[in-house]
Chemist: 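One structure is given below, represented as structure tokens, and several questions about it will come after.
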2 protein chains.
Amino acid sequence: MVTIDDVARAAGVSTSTVSYALSGRRPISPATRERVAAAIAELGYHPHAGARALASSRSSVLALVAPLRSDINVPVIMEFVTAVVTAAREHSYDVLLLTKDEGTAGLQRVAGGAMVDALIVMDVESDDARVPALLKLRQPSVLIGLPSEPTGLTCVDLDFEATARACVEHLAGRGHRRIALVGPAPGVYQRGTSYANRFLTGFTAAVGALGADVVAEPCDPSRAGVRDCLDRIGPDVTGLVVHNEAALMPLLDLLRVDGRRVPEDVSVVAVCPRDAVPPLPVRLTTAEIPAHEVGTLAVTMAMRLLDSPVATPPETRLLPPVIVERDSVSPI
Amino acid sequence: MVTIDDVARAAGVSTSTVSYALSGRRPISPATRERVAAAIAELGYHPHAGARALASSRSSVLALVAPLRSDINVPVIMEFVTAVVTAAREHSYDVLLLTKDEGTAGLQRVAGGAMVDALIVMDVESDDARVPALLKLRQPSVLIGLPSEPTGLTCVDLDFEATARACVEHLAGRGHRRIALVGPAPGVYQRGTSYANRFLTGFTAAVGALGADVVAEPCDPSRAGVRDCLDRIGPDVTGLVVHNEAALMPLLDLLRVDGRRVPEDVSVVAVCPRDAVPPLPVRLTTAEIPAHEVGTLAVTMAMRLLDSPVATPPETRLLPPVIVERDSVSPI
DNA sequence: TTGAAAGCGATACCAC
DNA sequence: GTGGTATCGCTTTCAA
């Protein structure tokens, strides 16, 4: 292996000079800088990450905890992951991928072993066992999601409550009064998944403000599950808010089978990321899930926590909803 | 930070004893082992990963290079990633996630810096620029896919050529003679993506063996793209092999619109992983993409390369096709 | 079965 | 603007 000493020798300088030439943490004369750069290129030198981490107590690695096997939206997860990895690389960080399955132990392992400088945690539940564990770590963390007790933690997410409200108001503004929510799979609620509950809260409040009955049903995304969900909702709604991407396809198909046209008989607003709108016959009006923005922002916030010489005050950022009007909503 | 010396002191033994108690690389008396374990638990000791990597020249990290933004099947990628991360953890390895975008430079960075002990590379192209780079690394690598020149590299994948043959034979065995391939998006072929070409090769050979005309069209998975693809294929095929999961939904819908029933008028075999079969009205007969097995196997092979004291001969494993019969194929 | 001590390859402090 | 070197926390050889 080529070491920093090899480079120093080849360039005719000391190891510290090579180190400083690399980090830029002290001035180096152009001539020296150039000789060092040449030696590095010639020898194909790559600093040893472990040695660097040991000496500097910084690993330049971010942990990303993702729900890798679950009933929640796969494309959305991929978009988060992509955004985080890409943004991290722009800050010269690498990403260590952990599964949610590892739970608290995984966080402690990678943080305790100083493998990572900061953690980004997706799919946070309202009352998440990992939250107290994160607060005890030496490394800062950023949550994608919003636990019920976020004190002391930095969080970022779409404002799902406002998003639900925006969906309802979009329909209400076009005359709809009988509006139902087709929610995520039952398991998502049972786990206390933060975003599902926040969406439901916003939906309930918005429909209540309209003085209408609140109809909200979880929905298993199988064809049978969607059939069942539609039956529970009943035949007389005119507006459907669908917070379940996987259910969209069977849902639209079953509406067709039932002879209910979209948007003539039923208007539909779907919650899903721009890039994952299913290629259905009707172009869906959606509330966007800005997964890319959220992921990028999570990295930015993590970098701020790492940069700040003193403790940065924890902050929660909820992105405002964006409704993209397409063809699945019509006035009543 | 709690160090190994703290643990040694607390347990009243030497640091080397703690190290060996941890690694099990030399016999330790039960009494000592216990005192060490107690001290570790009490102090909450986690070995410093960087220090360990520096001293042992092993990082216990695997690099996984995934195509994070692409036109290829997102659920399949997720299934690979999940399988790799899960299998890696079972061998006490962590996973560093790289994007394909980083190309050769990314490989050299993480390998040169000794961040990882081995690399697993997904989405290999037939003539992949990364292949020569991988051969030059000190760390072993496993490809998921099959480059045209795999000499010296360990590869694992579904046998796409045999899979295409199996699809065609499945249809031919039920009397179909006019069989067409709905392939991946044009870009996938243009990139020279290995699996797409191998599938096409197998398809062409199998249809040729039947003495029938070979009809194979790439397919953009938008609704318009699928429409276009169907038009190019023409109206008189009775069997469709669909190697494009995203296109399935619009495809089935357009067939319905055209009044062509599945499977009465057209039989369909789809290539897709078991867990990602779309919830369509017709339960699709599929050729499985065993993403989980392939991912797990990739890790196993990487471990074998790491374990073997001498160079293990490179090996290519192609998993045999499995057709799962459901309701989208009927005899003619 | 255990201990002492020499590295591993960087960083960053202290000098000049 | 540059050099020397103690130090980071662990593994592993050598010795007992």
Side-chain angles (χ1 to χ4, degrees), chain A residues 1-37 39-40 43-61 92 109-117 138 309, chain B residues 1-37 39-40 43-61 92 109-117 138 309:
Chain A
M1 170 165 216
V2 182
T3 73
I4 196 172
D5 290 299
D6 298 328
V7 175
R9 207 169 307 123
V13 298
S14 73
T15 59
S16 49
T17 298
V18 176
S19 177
Y20 285 116
L22 238 31
S23 68
R25 297 170 75 83
R26 90 179 180 188
I28 300 283
S29 76
T32 312
R33 192 202 317 295
E34 205 144 312
R35 308 230 312 287
V36 171
I40 287 177
L43 299 178
Y45 168 68
H46 290 271
H48 188 290
R52 176 173 273 190
L54 180 57
S56 68
S57 359
R58 290 181 305 99
S59 65
S60 294
V61 175
S92 300
R109 183 170 51 80
V110 299
M115 298 192 79
V116 303
D117 296 337
R138 195 170 35 269
Chain B
M1 170 165 214
V2 181
T3 73
I4 197 172
D5 290 300
D6 297 329
V7 175
R9 207 167 309 124
V13 298
S14 72
T15 60
S16 50
T17 297
V18 176
S19 178
Y20 285 117
L22 238 32
S23 70
R25 297 170 75 82
R26 88 179 181 190
I28 300 284
S29 76
T32 311
R33 193 202 315 293
E34 205 144 313
R35 308 230 312 290
V36 170
I40 287 177
L43 299 177
Y45 168 68
H46 290 271
H48 188 290
R52 176 173 274 190
L54 179 57
S56 67
S57 358
R58 290 180 306 98
S59 66
S60 294
V61 175
S92 300
R109 182 170 51 80
V110 298
M115 297 192 80
V116 303
D117 296 337
R138 194 169 39 268

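Hydrogens, waters and symmetry mates play no part in the numbers below; they use all other heavy atoms, side chains included. In what follows, chains are A, B, ... by sequence order, proteins preceding strands, each numbered from 1.
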Chemist: Checking B:T3 against B:D6 for the side-chain contact (heavy atoms from CB on, under 4.5 Å) test, could you report, in this order, the C-alpha distance in whole Å, the side-chain angles of both residues, the deciding distance, and whether it holds?
Modeler: CA-CA 5 Å; B:T3 73; B:D6 297 329; 3.4 Å; yes

Chemist: Phosphate oxygens OP1/OP2 of C:dT1: is one of them under 4.0 Å from a side-chain N or O of B:S29?
Modeler: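 Answer is no, no contact under 4.0 Å.
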
Chemist: Does OP1 or OP2 of D:dT11 have a side-chain N or O of B:S19 closer than 4.0 Å?
Modeler: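 Checking B:S19 against D:dT11: at least one side-chain N or O falls below 4.0 Å of OP1 or OP2.
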
Chemist: Among D:dC8, C:dA10, D:dG3, which is the nearest nucleotide to the side chain of A:L54?
Modeler: D:dC8

Chemist: Rounded to the nearest angstrom, tell me the gap between atom OH in A:Y20 and atom C1' in C:dA12.
Modeler: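 So the OH-C1' distance, A:Y20 to C:dA12, works out to 4 Å.
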
Chemist: Measure the distance from NE2 on A:H48 to P on C:dA10 and round it to the nearest whole Å.
Modeler: 7 Å

Chemist: Quick one: which of B:V116, B:D117, B:V110 gives a side chain to side chain contact (heavy atoms under 4.5 Å, CB included) with B:V61?
Modeler: B:V116

Chemist: I need the CD1-C1' distance between B:I40 and D:dC10, as an integer number of Å.
Modeler: 13 Å

Chemist: In whole angstrom, give the distance that lies between atom CE of A:M1 and atom C1' of C:dA10.
Modeler: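 Taking atom C1' of C:dA10 as the reference, CE of A:M1 is at 10 Å.
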
Chemist: CZ of A:R26: more than 12 outside heavy atoms within 6.0 angstrom?
Modeler: yes

Chemist: For B:L22 and B:Y45, which heavy atoms make the closest approach, and how far apart are they?
Modeler: CD2-CE2, 3.7 Å

Chemist: Nearest to the A:T3 side chain among C:dG9, C:dG3, D:dT11, which nucleotide is it?
Modeler: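 Of all the options, the side chain of A:T3 is nearest to C:dG9.
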
Chemist: For A:Y45 and C:dA10, is the shortest distance between a side-chain N/O and OP1 or OP2 below 4.0 Å?
Modeler: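 Checking C:dA10 against A:Y45, a side-chain N or O does come within under 4.0 Å of OP1 or OP2.
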
Chemist: If you go through the side-chain atoms of B:R26, does one of them form a donor-acceptor pair with the base of C:dG3 closer than 3.5 Å?
Modeler: yes

Chemist: Rounded to whole Å, please give me the gap between CZ in A:R33 and C1' in D:dT2.
Modeler: 13 Å

Chemist: If you assign each of B:I28 and A:V18 to its closest nucleotide in DNA chain C, which residue comes earlier from the 5' end?
Modeler: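 Its nucleotide being nearer the 5' end, the pick is B:I28.
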
Chemist: What is the distance from CE of A:M115 to C1' of D:dG9, rounded to the nearest Å?
Modeler: 15 Å

Chemist: In this structure, how many angstroms lie between the C1' atom of C:dG9 and the CZ atom of A:R52, rounded?
Modeler: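 Result: 11 Å.
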
Chemist: I'd like to know if the side chain of B:T15 and the backbone of B:A8 have a donor-acceptor N/O pair within less than 3.5 Å.
Modeler: no

Chemist: If you check the A:A55 side chain, which of D:dT11, C:dG9, C:dT1 turns out closest?
Modeler: C:dG9

Chemist: Mind checking if B:V7 touches a base, just sugar-phosphate, or nothing, with heavy atoms under 4.0 Å?
Modeler: nothing

Chemist: Which comes earlier along DNA chain D counting from the 5' end, the contact point of B:S16 or that of B:G50, where each point is its nearest nucleotide?
Modeler: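 Here B:G50 is the residue nearer the 5' end.
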
Chemist: Provide, to the nearest angstrom, the distance between the CG atom belonging to A:L43 and the P atom belonging to C:dG9.
Modeler: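 From A:L43 CG to C:dG9 P: 14 Å.
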
Chemist: So, OP1 or OP2 of D:dG3: does either fall under 4.0 Å of a side-chain N or O from A:S14?
Modeler: yes

Chemist: Is B:T32 close enough to C:dT2 that one of its side-chain N or O atoms is under 4.0 Å from OP1 or OP2 there?
Modeler: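 So the side-chain polar atoms of B:T32 do come within 4.0 Å of the phosphate oxygens OP1 or OP2 of C:dT2, strictly under.
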
